[in-house]
Amino acid sequence: MERTPIVMCKTDLDNLDIYVKRDDLLPFSFGGNKARIAQEFYSDMDIKGKNCMIGYGNARSNLSRALANVNSYRGGVCHIISPADDDGSRIVTNNSYMVHACGAHFHECEKQKVAEAVESVIQECELNGMKPYYIYGDKFGHGNEAVPVRAYEKVYREILEQEEQMGIRFDYIFLPTGTGMTQSGLLAGKLIARRSNQKVIGISVARKSEQEIEVIKNYLDAFSLENQILIEEYPEICVEDDYLSGGYGKYSDGIKDTIRSMFVCNGIPLDSTYTGKGFYGMLEYLKKNGIKNANILFIHTGGTPLFFDNIHLLEQGK
Ligand SMILES: *Cc1c(COP(=O)(O)O)cnc(C)c1O
């Protein structure tokens, strides 16, 4: 994976230099954290001698799209198991169109019956003589936690090199946090680099902080076990749940205004589910905590197809 640029951006906060790492500009499938994480899953599938990818994600999922797209250019078989929204409805998105276009086998499932759905797809693959690989490990979603963490442990190293090159030090790294895979990777990198004077702050897009922190701990433990890293001192796990705006996929006027002004003033697309919520939450956090004279890095985790799903958010006063 090549390096992605870090650019400075204009906001209405004085005394703060806010930079954005444009991981949305990775040169494959609209980039983003899921393009990197999908690559890690495929590498692991190859290492384990499996040949049939099974992913899981809802209609908005950038991971499902990245998994389906990597598969379509490799020329293999990919299954996507997809739950309906919490209210039982199903939507069509830019990402779900691309999953279908890439020829992935699509399986609808109920959110309460994921294990059964995973098991039945695994059996179907085996009956067809394939060796299935489920991204999250066993049918209950356990056992593969170390793999996705690798992606952003590498990115952390990339950021260290870029700091060196730019002659600056980031005091804070912010990002939108969902499953916790990305934040765990950054924290693993920080742990290895023994960088104590820096905060990595996840703006939660779905879960309450306590719940998210547990999940991240679990990822970190799996990664350090795999890499035989002795954790002398646990990195502080910071997850902010003040900006959930009603839950996953929901957004507020503040998020909408942030998306519009980031596009108008910086030419940077953000979406209302992840990056717009994360960027808005970061600005609010910085204001609330009176943070001044600091270098701030926001990780643009991608999701550009979602920006176009909600392009009407750019309309003034809507
Ligand atoms: C999945 C996703 C996130 C959240 O990353 P996690 O590793 O799941 O915490 C953030 N931004 C975008 C665009 C995503 O697709």
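Since this is a predicted model, take the numbers as computed values, not measurements. First listed ligand is number 1; within each ligand, the first listed atom is number 1.
- Counting heavy-atom neighbours within 6.0 Å of F263 CZ, excluding the residue itself, gives a total of 12 or less.
- Ring centers of Y285 and Y243: at least 6.0 Å apart, outside the cut-off.
- Within 6.0 Å of atom CD in E126, more than 12 heavy atoms from other residues, nucleotides or ligands are found, so the atom counts as buried in its surroundings.
- From E236, atom CD reaches atom CD1 of I201 across 8.0 Å, with rounding to the nearest 0.5 Å.
- For ligand 1, the protein residues within 4.0 angstrom (heavy atoms only) are N33, K34, N62, P176, T177, G178, T179, G180, M181, T182, Y274, T301, G302, G303.
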Exercise. Carefully, step by step, assess N62 and R65 under the rule side-chain hydrogen bond (donor to acceptor under 3.5 Å, both in side chains).
Key: CA-CA 5 Å; N62 292 305; R65 181 244 313 151; 2.7 Å; yes
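- Taken from CG in D257 to OH in Y280, the straight-line distance is 9.0 Å, to the nearest 0.5 Å.
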